[in-house]
Amino acid sequence: MIMKNKKTKYILIFLVLPVTIVLVVFLSMLIDEKKRAKDVANITEATDELSAEDRINQMLLAEYQKSQSTREFAEVSTEAPELTPEDEEYDDMIDGTDAEDMRGYGDALDDGLSAEEEAIIAEAEKEARKNSAGGINYGGITIVSSLNQVATNGQYVLNLTDAELNAPHPLLLQYDPRWATFPYGTGTMKSSACGPTCFSMVITGLTNISNASPPMVAVYSMNHNYYVRGAGTAHGLFLNGAADFGLYCNEISNNESEMKAHLDNGEQLILSVHYGNFTHSGAGHFIVIYGYDNNGFMVNDPGSYERSTRYWPYSIISGDINKIYALGRAR
């Protein structure tokens with residue numbers, strides 16, 4: 001009996017115990033390997049995301065350099081004239097039209113703005129023009145505007161400020177002195193580039209891409225034939241161009257609930273609008289909607305700081321809408 005117990009003991013010591021130790025070591029190594037694989041996957045995913053945005057930044061720089069290599073000949077051989085109010089593409093709302101010009105158009109603007117409202121807006125725009133790093137709050141809407149930048153003595157500035165890059169929905173304006181006279185098609189950013197400026201706002205708000213300023217996106221639009229002479233920017237800039245910036249774009253219906261559902265999903269909307277509350281141009285206009293609350297939709301209008309500091313109820317803007325494009329970050 002004693003001999004049997006000793007034999008069992010030896011079996012446990014020399015056979016079972018080593019096997020158990022090997023199993024424990026193996027399982028431990030397997031767990032560590034899975035953990036390392038997961039860490040590597042996470043690092044790779046983060047690196048891929050960063051490198052994708054780096055590639056897009058490099059693509060935009062290459063597009064700009066390509067445009068500059070041909071611009072000198074184009075400017076010497078066919079000087080692009082400034083557009084006038086009679087030109088088809090000209091949007092007079094961009095060039096000084098204010099609430100007085102809208103009197104009598106639409107129930108919402110029958111009486112224009114009150115003197116008190118005009119004073120509040122004037123003060124808000126004055127504050128926005130200061131060279132500050134942050135935004136201002138107007139009626140519950142936080143504005144981070146490109147008007148934070150001072151005039152640049154005719155020199156084009158192709159980059160955005162840190163405040164604009166970090167804002168979830170920066171307001172970028174066609175008439176910003178950094179790029180107002182930058183060529184776009186047969187006109188300039190100020191006269192014709194509402195489409196690229198809207199696209200720039202959405203790209204900058206939804207991604208970490210740093211080079212998608214309005215003039216850089218305008219160059220991309222021209223190089224890819226999204227600018228159509230006599231008509232402005234083709235809607236393909238958003239529908240087809242979104243993928244080049246790590247975004248998706250879908251056309252949605254002119255429906256308040258559907259618009260809000262897409263905004264709730266973290267998307268931003270680019271609206272094509274015709275003559276009405278946002279433009280007096282027969283060629284139409286593009287605006288961005290980035291949020292809403294009980295007061296209405298929050299708009300970034302590249303042609304007007306004033307219109308971007310107001311809430312817009314669906315009942316007012318629904319009749320202006322031609323097309324709506326919902327853009328979000330591709331997973």
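The aromatic rings of Phe238 and His235 sit tilted relative to each other, their planes meeting at an angle between 30° and 60°. Taking the six-membered ring where tryptophan is involved, the planes of His169 and Tyr290 are essentially parallel, since the angle between them stays under 30° and well short of 60°.
Remark: the backbone N or O of Asn208 is paired with a side-chain donor or acceptor of Glu53 at under 3.5 angstrom. Using a distance-only test at 3.5 Å, with no hydrogens or angles considered, a donor-acceptor pair links the side chain of Tyr227 to the main chain of Thr186. At least one donor-acceptor pair under 3.5 Å links the side chain of Asn57 to the backbone N or O of Ser210. Side-chain atoms of Ser213 never come within 3.5 Å of backbone atoms of Leu160 as a donor-acceptor pair (strictly under, hydrogens ignored). Within the 3.5 Å criterion, the main-chain N or O of Tyr311 finds no donor-acceptor partner in the side chain of Asn295. Between the side chain of Asn255 and the main chain of Ser257, a donor-acceptor pair closer than 3.5 Å is present.
Ion pair Glu306/Arg310 not flagged as a salt bridge, since none of the NZ, NE, NH1 or NH2 atoms sits closer than 4.0 Å to an Asp/Glu carboxylate oxygen.
Closest of all the heavy-atom pairs between Met189 and Ala218 is SD-CB, 3.5 Å. Residues Ala326 and Glu267 share a closest heavy-atom pair of CB-OE1, 3.2 Å. Listed here is the closest heavy atom pair of Leu172 and Ser200: CD1-OG, 3.3 Å. The heavy-atom pair separating Pro302 from Thr197 by the smallest distance is CB-CG2, 3.6 Å. Across all their heavy atoms, Ser308 and Leu171 have their closest contact at OG-CD1, 3.5 Å.
Residues Thr204 and Leu165 form a side-chain contact, since some pair of their non-hydrogen atoms from C-beta on lies under 4.5 Å apart. A 4.5 Å side-chain heavy-atom check between Tyr314 and Asn254 finds at least one atom pair inside the cut-off. By the 4.5 Å heavy-atom criterion applied to side chains, Met201 and Cys198 are counted as neighbours. Annotation: side chain of Ile317 is in contact with side chain of Ile289 (closest heavy-atom distance under 4.5 Å). A 4.5 Å side-chain heavy-atom check between Asn277 and Trp312 finds at least one atom pair inside the cut-off. Contact of the Tyr156 side chain with the Arg178 side chain is not registered, since no non-hydrogen atoms from C-beta on lie closer than 4.5 Å. Thr233 has its side chain out of reach of Cys194: every pair of non-hydrogen atoms, C-beta onward, lies at least 4.5 Å apart. Within the 4.5 Å cutoff, the side chain of Met216 has no heavy atoms near those of the Ile203 side chain.
Taking the six-membered ring wherever Trp is involved, the centroid distance between the rings of Tyr325 and His262 does not fall below 6.0 Å. In this structure, the ring of Phe245 has its center less than 6.0 angstrom from the ring center of Phe199.
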Worked check of side chain to side chain contact (heavy atoms under 4.5 Å, CB included) between Gln268 and Leu206: CA-CA 8 Å; Gln268 294 188 23; Leu206 292 179; 3.9 Å; yes
Quick one, Met59 with Arg55, criterion side chain to side chain contact (heavy atoms under 4.5 Å, CB included). Give me CA distance, side-chain angles, the key distance, then yes/no. CA-CA 6 Å; Met59 176 270 289; Arg55 285 196 298 272; over 6 Å; no
Please report the C-alpha distance between Trp179 and Thr188 in whole Å, then the side-chain angles of each, then the deciding distance to 0.1 Å, and finally whether the side chain to side chain contact (heavy atoms under 4.5 Å, CB included) criterion is met. CA-CA 9 Å; Trp179 50 67; Thr188 63; over 6 Å; no
Could you go through the side chain to side chain contact (heavy atoms under 4.5 Å, CB included) check for Asp293 and Met298 one step at a time? CA-CA 8 Å; Asp293 65 13; Met298 299 171 186; 3.8 Å; yes
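The closest side-chain donor-acceptor pair between Ser191 and Tyr184, if any, does not fall under 3.5 angstrom. In this model, a donor atom of one side chain and an acceptor atom of the other lie less than 3.5 Å apart for His285 and Asp301. Side-chain N/O atoms of Tyr305 and Asp176 include no donor and acceptor closer than 3.5 Å. Counted by atom type alone, Tyr64 and Asn211 present zero donor-acceptor pairs between their side chains at under 3.5 Å.
Among residues two or more places apart in sequence or in another chain, the ring pair (Phe, Tyr, Trp, His ring centres under 6.0 Å) test is passed with Phe297 by none.
No more than 12 heavy-atom neighbours from other residues, nucleotides or ligands sit within 6.0 angstrom of NZ on Lys323.
If you take CD1 on Ile321 and CG on Leu271, they are separated by 4.5 Å, rounding to the nearest 0.5 Å. Atom-to-atom distance recorded for Ile324:CD1 and Glu251:CD is 8.5 Å, nearest 0.5 angstrom. Interatomic distance, CG of Asn300 versus OG1 of Thr309, reported as 10.5 Å (0.5 Å rounding). Atom-to-atom distance recorded for Asp244:CG and Glu63:CD is 8.5 Å, nearest 0.5 angstrom. Between the CD1 atom in Ile56 and the CG atom in Leu247 there is a gap of 7.5 Å [rounded to 0.5 Å]. Distance CZ/Arg307 to CD1/Ile287: 9.0 Å, rounded to 0.5 Å.
A single hydrophobic cluster is not seen to contain both Tyr248 and Ile252; linkage of ILVMFWY side chains at heavy-atom distances under 4.5 Å, directly or through other members, places them apart.
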